[in-house]
Amino acid sequence: MAEDVKSINFLEQLIEEDLANGLSPDKLRFRFPPEPNGYLHIGHAASICLNFGLGEKYNAPVNLRFDDTNPTKEEQEYVDAIKYDVEWLGFKWDKVCYSSDYFQQLYDWAVELIKKGKAYVDGQSAAAMAEQKGTPTTPGVASPHRGQSVEENLDLFERMKNGEFEAGRYVLRAKIDMASPNMLMRDPLLYRIVNKAHHRTGNDWCIYPMYDWAHGESDYIEQISHSLCTLEFKPHRELYDWFLDQIYEDTKLRPKQREFARRNLSYTVMSKRKLLALVQTKTVAGWDDPRMPTISGLRRRGYTPESIRKFSELSGISKRDSVTDVSLLEFCIREDLNKTATRVMGVLDPVKLVITNYPEDKEEMLIAENNPEDPNGGTHEVPFSRELYIEREDFKEEAGNKFFRLTIGNEVRLKSAYIIKGESVVKDAAGNITEIHCTCDPDSRSGSGTEASMRKVKGTLHWVSIKHAVKVEVREYDRLFLDEAPDSHGDKDFMDFVNPDSLKIIKEAYVEPFLKEAKLDDKFQFQRLGYFTLDKDATSDHLIFNKTVGLRDTWAKQQSKPEQQNDHPAAKPAQSQQQEQRSAINEIQKISKKYTNLSGDKLASARASIMNLAEGVSYEELQPLFNTAAKKVGTRIGVMITLGVLLNKGLVRNSEIDAFIEAGLNDANELLASEAKTIEAIK
RNA sequence: UGCCCGAUGGUGUAACUGGCAACACGUCUGAUUUUGGUUCAGAAGAGUCUAGGUUCGAGCCCUAGUCGGGCAACCA
């Protein structure tokens with residue numbers, strides 16, 4: 001059996017290296033460090049799955065640590081929600097920790113820093129300090145308080161702690177380097193005064209540590225071996241290490257900060273600030289609105305923990321900014337639900353179907369499979385009668401032979417029931433179809449084993465018996481934004497791209513009575529439509545179903561094709577002359593590269609394309625390519641062909657051109673030599 | 001104008017210490033199917049941002065450039 005060569009990401013490689021260099025496996029420890037100031041989203045899920053996944057892989061403990069150093073933004077409510085989400089995803093933490101647990105230790109260390117002359121209290125305004133900080137391109141200047149005596153610093157810092165000053169009056173700063181190219185090293189703040197009760201420490205403190213001071217030291221206290229964060233913290237690493245240097249004792253493990261790219265999802269936004277804006281502007285109903293990319297939103301929408309973990313696994317970890325297509329997320333949830341969801345029938349856009357040869361008072365219970373993917377999934381009963389609802393779009397009075405559904409004179413199967421044949425329609429005064437009349441083949445009942453029941457028909461429809469149907473509300477969701485990356489447009493606000501039709505509420509949908517028993521976390525497949533789950537707003541006499549995701553629909557895709565084609569010509573406005581030229585030379589380079597790999601027709605057509613594109617190329621663009629390395633024959637051939645076109649158009653030869661042709665003539669490659677020869681002939 | 005990252009099919013990730021680019025999603029065929037789903041078989045699509053260089057050989061190494069992102073909160 002071939003080994004499963006599962007590649008490991010760069011962080012796992014680092015861990016493997018550390019292990020190989022003598023790090024004891026039992027020293028491995030990770031942490032997931034959310035700030036309790038908002039709800040977790042699918043981007044956090046990447047970090048959760050990474051850290052807890054590493055914990056599982058290396059059998060190492062993982063702490064859930066709340067980075068709660070800013071009482072103005074953080075609340076207990078968020079702590080609870082975050083814990084719930086992490087558990088729901090299926091992960092087990094070793095300890096729940098809080099940065100606030102370390103406030104005393106952090107304070108003590110800060111005092112030591114002051115004593116060592118590595119920190120000072122600054123009483124300037126925030127604006128003045130920002131001014132002194134300089135800019136990324138100009139060095140900063142020292143604060144007038146930088147040289148303050150240790151005694152004075154100690155005194156002021158203690159009084160800060162004792163609450164003698166109003167908020168913002170003083171800060172404690174590390175004394176590092178005001179000229180560092182890294183702005184974060186220009187005497188960063190360690191503490192500020194905040195007169196606000198903390199959700200855990202109450203009014204014990206009125207000074208609070210900043211992120212950089214708290215985070216690395218918390219890692220050290222907890223003996224986290226690998227502290228993984230997102231890319232924007234890369235510049236913080238230098239400071240992280242500087243702070244660690246001040247307190248590190250070599251009997252202990254020294255944590256390492258490493259960075260990975262945050263995960264973006266197409267057609268949505270992922271920052272807490274932007275998600276909050278959606279909530280506050282009532283664009284969505286709340287943090288757990290099923291259109292939100294929050295864990296709670298996805299849960300309410302019907303996503304499973306397995307699907308989200310799978311998504312994280314498939315997305316991978318890397319160091320480059322990227323936008324993962326939602327189609328991957330959708331694939332993950334379909335894959336999971338296909339295996340597990342109970343099959344039922346529901347009609348969202350009903351039209352009445354009357355089976356004229358079925359007795360008016362007859363009712364029968366038919367057997368429906370719960371899940372064809374699961375042989376042990378069992379069955380349930382579905383009531384059948386003379387009058388049914390079917391989907392309006394499943395009927396056309398007449399249609400081409402690519403329409404597999406019900407038409408007049410054609411047969412289709414009613415899922416788990418009989419084969420029927422369309423006979424006639426009843427319309428209202430406006431010409432709308434109000435009833436479809438059909439006849440059924442009484443011998444064709446599903447599972448009856450008769451010859452008629454085995455007959456192949458082109459289509460199968462879902463349906464629900466009117467007399468037994470349960471009226472329910474169904475909510476269908478579309479992407480929240482019309483743009484793939486709504487927050488990537490510098491000139492436009494992401495809110496400009498909100499999809500006005502992201503929520504469709506169907507007040508009168510009908511489902512089979514089996515669904516009366518549905519419970520909150522149950523997952524269903526409404527056959528031929530998609531996956532649905534009960535919304536938390538549902539009550540026993542008013543069921544509400546959320547559509548998690550539709551089934552793949554190749555029929556809908558085919559239907560929309562002609563439209564797309566019509567859209568195309570108008571979609572691309574004429575490019576500017578310059579752009580065309582630039583892309584022409586680029587295009588030539590691209591084609592040329594693989595030129596020597598081609599032969600026969602392909603070669604001829606590549607040559608023709610180059611000649612065509614050459615019309616849009618200027619000598620100024622072409623000339624630099626004369627220097628193309630001799631071994632890059634393809635490119636040189638392309639350049640030669642292009643040159644030929646230009647010469648034919650009247651370009652005057654010069655010494656550069658002569659030299660290029662000369663070199664081509666003498667080249668070992670026959671294609672190049674022959675192109676050069678052709679051109680040589682042009683006067 | 002400084003510093004730090006990054007650049008591989010439409011998208012996301014691979015390619016062990018250099019050995020002519022793989023997997024998944026998506027797309028397109030065909031078969032099977034009592035879900036136009038699932039499953040199965042197959043196809044198209046990148047020669048790795050550009051230009052030099054090192055090497056028998058470069059997506060991996062070196063140099064220069066281009067493009068994209070981050071950095072000047074008493075936020076994390």
Side-chain angles (χ1 to χ4, degrees), chain A residues 5-7 9 33-35 37 67 69-70 72-74 122 125-126 129-131 133-140 167-168 170-171 180-184 186 189 191-194 208 210-212 214-215 229 231-238 259 261 263 266 272 314-325 327-332 334-335 338-339 343 345 369 372-373 402 404-405 412-417 419 446-447 453-462 484 525-530 550-558 586 589-590 593-594 597 624-625 627-629 632:
Chain A
V5 229
K6 208 172 156 221
S7 62
N9 64 50
E35 182 189 12
N37 71 340
D67 222 338
T69 55
N70 185 358
T72 60
K73 295 209 264 174
E74 296 149 7
D122 201 332
S125 68
M129 282 187 280
E131 174 84 38
K133 219 163 192 183
T135 71
T137 52
T138 57
Y170 286 103
V171 294
S180 170
N182 183 348
M183 297 295 290
L184 291 159
R186 326 248 259 224
L189 268 58
Y191 277 95
R192 75 289 210 190
I193 300 171
V194 180
Y208 290 91
M210 300 289 291
Y211 165 84
D212 288 296
H215 200 95
C229 58
L231 245 29
E232 69 269 26
F233 289 99
K234 177 69 215 279
H236 293 248
R237 188 149 116 198
E238 194 180 354
E259 310 80 16
R263 181 143 313 290
S266 62
K272 281 187 202 166
L314 292 182
S315 300
I317 293 291
S318 72
K319 298 214 296 195
R320 61 182 119 158
D321 306 308
S322 57
V323 182
T324 303
D325 202 298
S327 67
L328 187 64
L329 219 208
E330 291 178 345
F331 163 78
C332 292
R334 284 193 188 110
E335 187 191 42
N338 175 51
K339 288 183 299 203
R343 268 56 171 180
M345 291 192 282
E369 234 180 335
E373 304 298 311
K402 273 165 63 185
F404 299 169
R405 308 175 183 187
V412 293
R413 152 94 49 195
L414 291 174
K415 179 74 185 176
S416 306
I419 293 173
S446 291
S453 74
M454 315 282 242
R455 235 163 63 224
K456 305 277 180 211
V457 288
K458 255 198 317 194
T460 300
L461 307 188
H462 60 276
E484 197 173 273
Q525 185 198 88
F526 287 14
Q527 291 191 92
R528 303 209 304 134
L529 296 176
L551 258 27
R552 275 187 74 223
D553 191 347
T554 48
W555 168 243
K557 227 176 275 172
Q558 272 181 51
N586 286 347
Q589 280 179 270
K590 215 169 166 183
K593 261 188 183 170
K594 36 187 165 177
N597 300 341
L625 296 179
N627 299 324
T628 303
K632 299 199 174 175

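Each chain gets a letter, A, B and so on, in the order its sequence line appears, and its residues count up from 1.
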The salt bridge (charged side-chain N to carboxylate O under 4.0 Å, His left out) partners of A:R528 (sequence neighbours excluded) come to A:D394
Quote, to the nearest angstrom, the P distance that separates B:G6 from B:A44. 34 Å
What integer distance in Å separates A:F331:CZ from B:U13:P? 17 Å
Measuring only the P atom in each nucleotide, how far is B:C49 from B:G12? A whole number of Å is fine. 14 Å
Under the rule for side-chain hydrogen bond (donor to acceptor under 3.5 Å, both in side chains), what residues qualify as partners of A:D122, not counting sequence neighbours? A:Q124, A:S143, A:R173
Say we look at B:A14 and B:A51: how far apart would their P atoms be, to the nearest angstrom? 26 Å
Checking one value: the base orientation of B:G47, syn if chi is within 90 degrees of 0, otherwise anti. syn
Going 5' to 3' through nucleotides 30-39 of chain B and flagging B where a protein heavy-atom sits under 4.0 Å of the base, S where only the sugar-phosphate is that close, and - otherwise, we get ---SBBBBS-
Measure CG/A:L329 against P/B:G26 and give the value in whole Å, please. 12 Å
Could you walk me through whether A:K458 and A:R413 pass side chain to side chain contact (heavy atoms under 4.5 Å, CB included), step by step? CA-CA 8 Å; A:K458 255 198 317 194; A:R413 152 94 49 195; over 6 Å; no
Would you please confirm or rule out a distance under 4.0 Å between OP1 or OP2 of B:U13 and any side-chain N or O of A:S322? yes
Which distance, rounded to the nearest 0.5 Å, do you find between the CZ of A:R334 and the CZ of A:F331? 10.0 Å
For A:H215, the ring-ring contact (aromatic ring centres under 6.0 Å, His included) test, sequence neighbours excluded, returns A:Y211
Partners meeting side-chain hydrogen bond (donor to acceptor under 3.5 Å, both in side chains) with A:S125 (sequence neighbours left out): none
Canonical and wobble pairing (Watson-Crick, G-U, under 3.5 Å) of RNA chain B, dot-bracket with |: .((((((..((((.....[..)))).(((((.......))))).....(((((..]....))))))))))).....
Separation of the P atoms in B:G37 and B:U32, to the nearest angstrom: 14 Å
side-chain hydrogen bond (donor to acceptor under 3.5 Å, both in side chains) with A:E74: which residues, sequence neighbours excluded? none
Listed partners of A:S453 passing side-chain contact (heavy atoms from CB on, under 4.5 Å), at least two apart: A:S448, A:T450
Distance between the P atoms of B:U63 and B:G26, in whole angstroms? 42 Å
Before you tell me yes or no, could you show the steps for A:D325 and A:S327 under side-chain hydrogen bond (donor to acceptor under 3.5 Å, both in side chains), namely the whole-Å CA-CA distance, both residues' side-chain angles and the distance that decides it to 0.1 Å? CA-CA 5 Å; A:D325 202 298; A:S327 67; 3.2 Å; yes
Expressed as a whole number of Å, how far does the C1' atom of B:A21 sit from that of B:C60? 12 Å
Apply ring-ring contact (aromatic ring centres under 6.0 Å, His included) to A:F526 and list each qualifying residue two or more places apart in sequence or on a separate chain. A:F532, A:F545
Suppose you measure atom P in B:C25 against the same atom in B:U39; what distance do you get, rounded to whole Å? 9 Å
Output all residues satisfying side-chain hydrogen bond (donor to acceptor under 3.5 Å, both in side chains) with A:T72, sequence neighbours left out; order by chain, then residue number. A:N70
Nearest to the side chain of A:R320, which nucleotide is it out of B:U27, B:G12, B:A7? B:A7
Please enumerate all residues that pass side-chain contact (heavy atoms from CB on, under 4.5 Å) together with A:Q527, with sequence neighbours excluded. A:R343, A:M345, A:K415, A:Q525
What interatomic distance, in whole Å, is found between C1' of B:C20 and the corresponding atom of B:G57? 9 Å
Using a 4.0 Å heavy-atom cut-off, write out nucleotides 67-76 of chain B from 5' to 3' as B (base contacted by protein), S (sugar-phosphate only) or - (no contact). --S-SB-BBB
At under 4.0 Å, does any side-chain N or O of A:K234 touch on OP1 or OP2 of B:C4? no
